[in-house]
A.B. asks: 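First, the structure itself, so that you have it in front of you.
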Amino acid sequence: MRPSHQPTLWRTCRVLANRKRLQIFALAIRRPGQTVSAAAEHLKLSLPAASQYLRALEARGLLTCRRVGRRVEYRPPSATADDPAREIVTALRLVFRRKAKPVETLFRMATAFTHPRRLDVFRAVKNGADSFDKVQAVTGISRRALLRHLSKLEARDFVKSEIGVYTIANQANPFGRVLAHLALK
């Protein structure tokens, strides 16, 4: 287990595993410089809810904020920003440009890594723990919990199982590729 990267990824995934936050992020991509009131009006949210969602995205490095007079404007970080979230933001932009239902796609993928133990399970499989017993031995996760975590990773197409042998699935989606890459750091 590598705690220095783990909290960042699973906490970022928890922020992204919310459809309204993803919609606000999409709005900030399409129209950089969103204010809380503009985002709230556009998405029909209360001001406190819009503010909370924007601050959560900003706290994970997915948006930057800038005070302009009395208002605060939110926008995605520049492509040249040297920030760990840059890879995620770049992948999110690609999915929002290319996919028919980007919010659902991103929501589904983000929920794969919303728990730190799923990162442990994913790493164990990547490092050769190819059976349930081997994954359990490496991670120390109870049988019931491990079944849930493996099931979630399989349902989100990060892990596949054939005849009881677990392997890492190849990701066609750019966001999925970035999540898989970051999960292994």
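Quick note: residue numbers are just sequence positions, from 1. Keep in mind the model is a prediction, meaning the values are calculated, not measured. Values below: all heavy atoms of this structure, side chains included; hydrogens, waters and symmetry mates excluded.
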A.B. asks: Do Thr90 and Arg86 have side-chain N/O donor and acceptor atoms under 3.5 Å apart?
C.D. replies: no
A.B. asks: Can you tell me if NZ on Lys152 sees more than 12 non-hydrogen neighbours from other groups inside 6.0 Å?
C.D. replies: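 Yes, the 6.0 Å shell around NZ holds more than 12 heavy atoms from other groups.
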A.B. asks: Restricting to non-hydrogen atoms, name the atom on Lys160 and the atom on Ile168 that form the minimum distance, rounded to 0.1 Å.
C.D. replies: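 What the structure gives for the nearest pair is CE-O, 4.3 Å.
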A.B. asks: Same hydrophobic cluster for Leu153 and Val165, using side-chain heavy-atom links shorter than 4.5 Å among ILVMFWY?
C.D. replies: no
A.B. asks: Between Ala50 and Ala40, what is the shortest heavy-atom contact and its length?
C.D. replies: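 Ala50 and Ala40 have their closest heavy atoms at CB-CB, 3.7 Å.
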A.B. asks: Check whether any side-chain heavy atom of Thr35 sits under 4.5 Å from a side-chain heavy atom of Val72, and report yes or no.
C.D. replies: no
A.B. asks: With a 4.5 Å cut-off on side-chain heavy atoms, are Leu150 and Ser161 touching?
C.D. replies: no
A.B. asks: Show the nearest heavy-atom pair for residues Gly61 and Pro77, with the distance to one decimal.
C.D. replies: O-CG, 3.6 Å
A.B. asks: Report the distance from atom CZ of Arg75 to atom CD1 of Ile29, rounding to the nearest 0.5 Å.
C.D. replies: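 Rounded to the nearest 0.5 Å, the CZ-CD1 separation comes to 13.0 Å.
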A.B. asks: For residues 52-59, please give each side-chain donor-acceptor pair under 3.5 Å, one per line with the distance, not counting sequence neighbours.
C.D. replies:
unit_1 : atom_1 : unit_2 : atom_2 : d
Arg55  : NE     : Ser51  : O      : 3.4
Arg55  : NE     : Ser51  : OG     : 3.2

A.B. asks: Can you measure from CG (Leu63) to OH (Tyr74) and round to the nearest 0.5 angstrom?
C.D. replies: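 OH of Tyr74 is found 8.5 Å from CG of Leu63.
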A.B. asks: Do Val103 and Leu62 belong to the same hydrophobic cluster, where Ile, Leu, Val, Met, Phe, Trp and Tyr are linked whenever their side-chain heavy atoms lie under 4.5 Å apart, directly or via other members?
C.D. replies: yes
A.B. asks: Using a strict threshold of under 4.0 Å (side-chain N to carboxylate O), is an ion pair present between Arg67 and Glu73?
C.D. replies: no
A.B. asks: Verify the distance criterion only: is there a donor paired with an acceptor across the side chains of Thr111 and Arg156 at less than 3.5 Å?
C.D. replies: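 Yes, Arg156 and Thr111 have a side-chain donor paired with an acceptor closer than 3.5 Å.
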A.B. asks: Taking the side chain as everything from C-beta on, heavy atoms only, tell me whether Ser131 gets closer than 4.5 Å to Lys134.
C.D. replies: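 Yes - at least one pair of side-chain heavy atoms lies under 4.5 Å apart.
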A.B. asks: Does a side-chain heavy-atom distance below 4.5 Å link Asp130 with Thr167?
C.D. replies: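 The answer is no, as the side chains (C-beta and beyond) never meet within the 4.5 Å cut-off.
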A.B. asks: May I ask you to decide if Ala172's main-chain N or O and Arg177's side chain share a donor-acceptor pair within less than 3.5 Å?
C.D. replies: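 Yes, because the side chain of Arg177 sits within donor-acceptor range (under 3.5 Å) of the backbone of Ala172.
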A.B. asks: Can you find a pair of side-chain heavy atoms, one from Arg98 and one from Arg93, that are under 4.5 Å apart?
C.D. replies: no
A.B. asks: Which atom names give the shortest non-hydrogen contact between Pro76 and Ala28, and what distance separates them?
C.D. replies: CD-O, 3.4 Å
A.B. asks: Without swapping roles, check the side chain of Glu87 against the backbone of Phe175 for a donor-acceptor pair under 3.5 Å.
C.D. replies: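 Not a single qualifying donor-acceptor pair exists.
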A.B. asks: Can you label the angle between the Phe113 ring and the Phe158 ring as parallel, tilted or perpendicular, going by 30° and 60°?
C.D. replies: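 Rings of Phe113 and Phe158: perpendicular, over 60°.
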A.B. asks: Is there a path from Val36 to Leu27 through hydrophobic residues (I, L, V, M, F, W, Y) whose side chains come within less than 4.5 Å of each other?
C.D. replies: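 Val36 and Leu27: separate clusters.
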A.B. asks: In this structure, would Leu43 and Leu47 fall into the same cluster of hydrophobic residues linked by side-chain contacts under 4.5 Å?
C.D. replies: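 Yes, one cluster joins them.
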A.B. asks: If you measure from CD on Gln171 to CE on Met109, what distance do you get to the nearest 0.5 Å?
C.D. replies: 4.0 Å
A.B. asks: Examine Arg19 relative to Phe107 and say whether NZ or CZ is less than 6.0 Å from the centre of the six-membered ring and inside a 45° cone about the ring axis.
C.D. replies: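 Verdict for Phe107: a cation-pi partner in Arg19.
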A.B. asks: For residues Leu179 and Cys13, report the shortest heavy-atom separation together with the two atoms involved.
C.D. replies: CD2-SG, 3.7 Å
A.B. asks: How close do Lys185 and Arg123 get, counting heavy atoms only, and between which atoms?
C.D. replies: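 Distance-wise, the nearest heavy atoms are O-NH2, 3.4 Å.
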A.B. asks: Taking the side chain as every heavy atom from C-beta outward, state whether Arg21 and Ile24 have any atom pair closer than 4.5 Å.
C.D. replies: no
A.B. asks: Quick one, Leu92 and Leu16 - any side-chain contact, counting heavy atoms below 4.5 Å?
C.D. replies: yes
A.B. asks: Once you round to the nearest 0.5 Å, how far does CZ of Arg117 lie from OG of Ser142?
C.D. replies: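 With rounding to 0.5 Å, CZ (Arg117) is 6.5 Å from OG (Ser142).
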A.B. asks: In Å, rounded to the nearest 0.5 Å, how long is the span from CG of Leu182 to CZ of Phe122?
C.D. replies: 10.5 Å
A.B. asks: Is there a side-chain contact between Trp10 and Thr114 (heavy atoms, below 4.5 Å)?
C.D. replies: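 They are not in contact (no side-chain heavy atoms under 4.5 Å apart), so the answer is no.
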A.B. asks: Between Arg60 and Thr12, does any side-chain donor sit less than 3.5 Å from a side-chain acceptor?
C.D. replies: yes
A.B. asks: Applying a strict under-4.5 Å side-chain criterion to I, L, V, M, F, W and Y, I'd like to know whether Phe132 and Val135 cluster together.
C.D. replies: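 Phe132 clusters together with Val135.
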A.B. asks: Quick one: CD on Glu154 to NE2 on His149, what's the gap to the nearest 0.5 Å?
C.D. replies: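 One finds 13.5 Å between CD of Glu154 and NE2 of His149.
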